[in-house]
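Just so we're on the same page: letters track the sequence lines, and every chain starts at 1.
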Amino acid sequence: MGNIQKVRGFQDIYGENARRYRLVVDTAREIFKLYNFKEIILPYLEDISLFKRSVGEETDIVQKEMYTFTDRGGRQIALRPEGTASCVRAYIEEKLYGEGGYHKLFYEGAMFRYERPQAGRYRQFHQVGAEVFGVSSVYADAEMILMINNLLKSLNIQTRLEINTLGTFESRRNYSEALKVYFSQFRDSLCETCRGRLERNPLRIIDCKVESCREIAKGSPVITDYISEESKERFEKLLNLLDRFGINYRVNPGLVRGLDYYTDTVFEFITDRIGAQGTVAAGGRYDRLVQQLGGPPTPALGFAAGVERLMLLLDSVQEKEKLFSVISLTEDQFPKALEFIETLRKNGIKGELVLRSGSLKSMMKVADKFKADFVIFVSDRCELKDMKSGEQITFLSDGDLIDYIIRELKTV
RNA sequence: GAGGAUGUAGCUCAGCAGGCAGAGCACAAGGUUGUGGCCCUUGGGGUCGCGGGUUCAAGUCCCGUCAUCCUCCCCA
């Protein structure tokens, strides 16, 4: 037998990737907080029926992508495949609606879907997401898109925004029903995947790339005929708002989203730089979901962004703090060197005590490997070496050197 | 779930008419007896993804399996 490997589709995130991960998540948190979203830390396991009732019994996610098991108490459990359902469950279960006003929550963490791994698609992946409960105003939709736009801008990531409206829950259902009826006439001419979609998600057939399906789709019912004037006006208003803030978008009537709970606004931020899995952030409104899961009628909207996909789009991420490496020139100066470096750390300066003794050359190499910006040699006196310029200054007392570092170099 | 490509040293890869496992980079020691990066010398490293088969002989051929990547699908 070979060595134990990580589970398929799972990954260790370390080194530069860990920095990328941290940058994405930390930036998202900062932005969320600017918009006054409050963090909610959600469980990774939920009752299976939560996802059946929210994401949708017929969706791929529920049908074939969930990690599920029966626990020792006989409960049917799933590792969460997405965050919105848990967030809604918590909103209802913790009776947040009882506090009055409205609620803005954000979350961050791992999601699990049993899919075929691919670039930008993993079985354990991470999302940052935000949800607004109790607001139907179109300004909430606009604000959320602005927020995501700002997040992407902060990360220096270019995407295009595609947006669509699905209308109300009723109109969406009616449209879906009409499509089902229409496409059923051509059942035998549809491709195999579309025959499956007929039951599961007829809206998707419109977007099929197979030539024969596209021909059939040309005569299919149009979504605009099923959308109420109110929804249309709402959508227009949203687009105007986006125009006003200089946000480019493309209205894509084929944009459907694979989750059942969306109503009215749906949107995706897409890139074509990372292969087939180009959706980097996506979301929309789900005005019926809270009620559907047993809560009071509550309009809501939300989005989620894929951390790994954002990571792929990031420029290289370097550590920014200066590193001071301390080398003890003799074995018996180590206590003094340790004391010295602890003082640096107390002052908020990042320090690495070179812990391998050997030739000075080998210790210097260690400092170099750590990419030290400065090296401090500790003996009966102290010397500070600038690794970039090679310049070296001698100090008779450590106090003087520490003062010098804090004064001159901490901010460099 | 379907199709395709790949898997040899820490990394990038060569080796395939089956015949002792290689290069570059990286790593370690030294050249420079208290100073890294460049250069030179020397050195340590591989059950050739894993398991089976064919063969006198398999990294090389065959079968299986695992993993990665790409497309479909799906989605963040």
Exercise. With a non-hydrogen cut-off below 4.0 angstrom, is A:G283 in contact with a base, only sugar-phosphate, or nothing?
Worked result: nothing
Exercise. Side chain of A:Y122: nearest nucleotide among B:A29, B:C69, B:U71?
Worked result: B:C69
Problem set entry | Check: A:R116 side chain, B:C70 base, donor-acceptor under 3.5 Å | no
Problem set entry | Span that lies between the P atom of B:G7 and that of B:G59, in whole angstrom | 15 Å
For this session: Would you classify A:K388 as touching base, sugar-phosphate or nothing, given that sugar-phosphate means primed atoms plus P, OP1 and OP2, and contacts are heavy atoms under 4.0 Å?
Result: base
For this session: Could you tell me the separation between the CG atom of A:D386 and the P atom of B:G37, rounded to a whole number of Å?
Result: 16 Å
For this session: Could you tell me whether A:G278 contacts a base, only the sugar-phosphate backbone, or nothing, with contacts defined as non-hydrogen atoms closer than 4.0 Å?
Result: nothing
For this session: Nearest whole angstrom, please: distance from the C1' of B:C75 to the OH of A:Y262.
Result: 10 Å
Exercise. What distance separates A:L314 CG from A:L23 CG, expressed to the nearest 0.5 Å?
Worked result: 5.0 Å
Exercise. P atom, B:G44 versus B:C56: distance in rounded Å?
Worked result: 36 Å
Exercise. OP1, OP2 of B:C75 versus side-chain N and O of A:R309: anything below 4.0 Å?
Worked result: no
Exercise. Which range-with-range stems can be found for RNA chain B when each stem has 3 or more Watson-Crick or G-U pairs in a row and both distances sit under 3.5 Å?
Worked result: B:1-7 with B:66-72, B:10-13 with B:22-25, B:27-31 with B:39-43, B:49-53 with B:61-65
Seminar exercise, completed: Rounded to whole Å, CG of A:D368 lies from P of B:A28 at a distance of 11 Å
Exercise. Considering only B:U35, B:G34, B:C73, which nucleotide approaches the side chain of A:R197 most closely?
Worked result: B:C73
For this session: Please evaluate the base of B:G34 for a donor-acceptor partner in the side chain of A:E383 within a cut-off of under 3.5 Å?
Result: yes
Exercise. When rounded to the nearest Å, what value does the distance between C1' atoms of B:U68 and B:G49 take?
Worked result: 11 Å
Exercise. Are A:F125 and B:A76 stacked, counting the six-membered base ring, centres under 5.5 Å, planes under 30°?
Worked result: yes
For this session: For the residue pair A:S325 and A:E352, confirm or rule out a side-chain donor-acceptor distance under 3.5 Å.
Result: no
Exercise. Does the side chain of A:R8 get closer than 4.0 angstrom to OP1 or OP2 of B:U68 through an N or O atom?
Worked result: yes
Problem set entry | Nearest-angstrom distance, C1' atom, B:A9 to B:C25 | 12 Å
Exercise. Can a donor-acceptor pair be found between the side chains of A:E308 and A:Y21 at a distance below 3.5 Å?
Worked result: no
Exercise. Counting any heavy atom closer than 4.0 Å, what does A:G129 reach on the DNA or RNA strands: base, sugar-phosphate only, or nothing?
Worked result: nothing
For this session: Would you indicate what A:A367 reaches in the nucleic acid, counting non-hydrogen atoms under 4.0 angstrom: base, sugar-phosphate, or nothing?
Result: nothing
Exercise. Which part of the nucleic acid, if any, lies within reach of A:F377 when heavy atoms closer than 4.0 Å are counted: base, sugar-phosphate only, or nothing?
Worked result: base
Exercise. What about A:R121, does its side chain sit under 3.5 Å from the base of B:C73 through a donor-acceptor pair?
Worked result: yes
Exercise. A:K64 or A:Y114: which one's nearest nucleotide on RNA chain B is closer to the 5' end?
Worked result: A:Y114
Problem set entry | Residue pair A:Q333 / A:S379, side-chain donor-acceptor N/O under 3.5 Å | no
Problem set entry | N/O (side chain, A:Q392) to phosphate O (OP1/OP2, B:U35) under 4.0 Å | no
Seminar exercise, completed: Testing B:A76, B:C74, B:C70 for proximity to the side chain of A:A282, the answer is B:A76
Problem set entry | P-based separation of B:G45 from B:G1 [nearest Å] | 43 Å
Cut-off 3.5 Å, no hydrogens considered: what does the side-chain donor-acceptor table look like for residues 365-376 of chain A, sequence neighbours left out?
| residue | atom | partner | partner atom | Å |
| --- | --- | --- | --- | --- |
| A:D373 | OD2 | A:L323 | N | 2.8 |

Exercise. Relative to the 5' end of RNA chain B, which residue comes earlier, A:D380 or A:F269, by the nucleotide with the nearest heavy atom?
Worked result: A:D380
For this session: To the nearest Å, give me how far apart CD (A:E65) and C1' (B:A76) are.
Result: 12 Å
For this session: Provide the distance between the two P atoms, one in B:C11 and one in B:C73, to the nearest whole Å.
Result: 34 Å
Exercise. Looking at A:K385 and A:E391, does any basic side-chain N land under 4.0 Å from a carboxylate oxygen?
Worked result: no
Problem set entry | Minimum-distance nucleotide (side-chain atoms of A:Q5 versus B:A67, B:A76, B:G34) | B:A67
Seminar exercise, completed: Between NZ of A:K365 and C1' of B:A29 the distance, given in whole Å, is 9 Å
Exercise. Quick one: A:F303 CZ to B:A76 P, roughly how many Å, whole number?
Worked result: 12 Å
Exercise. Can you check whether A:R204 has a side-chain N or O nearer than 4.0 Å to OP1 or OP2 of B:C75?
Worked result: yes
Exercise. Quick one: ring-ring contact (aromatic ring centres under 6.0 Å, His included) pairs with a partner in residues 127-152 of chain A, sequence neighbours left out?
Worked result: A:Y91-A:F133
For this session: Give a yes-or-no answer on whether the side chains of A:T84 and A:E131 include a donor-acceptor pair shorter than 3.5 Å.
Result: yes
Seminar exercise, completed: Testing B:A76, B:C69, B:C72 for proximity to the side chain of A:R113, the answer is B:A76
Exercise. What nucleotide, of B:C69, B:C72, B:U35, holds the atom closest to the side chain of A:P117?
Worked result: B:C69
Seminar exercise, completed: Contacts satisfying side chain to side chain donor-acceptor pair (under 3.5 Å) that involve residues 144-154 of chain A (not counting sequence neighbours) are A:Y35-A:N150
Exercise. Got a sec, which residues hit side chain to side chain donor-acceptor pair (under 3.5 Å) with A:R29, two or more places apart in sequence or on another chain?
Worked result: A:E39, A:E108
For this session: Confirm from the modelled atom types if A:K361 and B:U35 form a donor-acceptor pair under 3.5 Å, side chain to base only.
Result: no
Exercise. Which ring-ring contact (aromatic ring centres under 6.0 Å, His included) pairs, counting each pair once, include a residue from residues 160-179 of chain A, with sequence neighbours left out?
Worked result: A:Y175-A:Y226
Exercise. In whole Å, what separates the P atom of B:A21 from that of B:A57?
Worked result: 16 Å
Problem set entry | Length of the CD-P vector between A:E192 and B:G1, whole Å | 15 Å
Exercise. Which part of the nucleic acid, if any, lies within contact of A:S362, taking any heavy atom under 4.0 Å across all strands shown: a base, the sugar-phosphate backbone alone, or nothing?
Worked result: sugar-phosphate
For this session: For A:E115, report the nucleic acid contact type (base, sugar-phosphate, nothing); a contact means any heavy atom under 4.0 Å.
Result: base
Problem set entry | Same-atom distance (C1') from B:A14 to B:G46, integer angstrom | 15 Å
Exercise. Which whole-number value in Å describes the distance from A:K369 NZ to B:G10 C1'?
Worked result: 12 Å
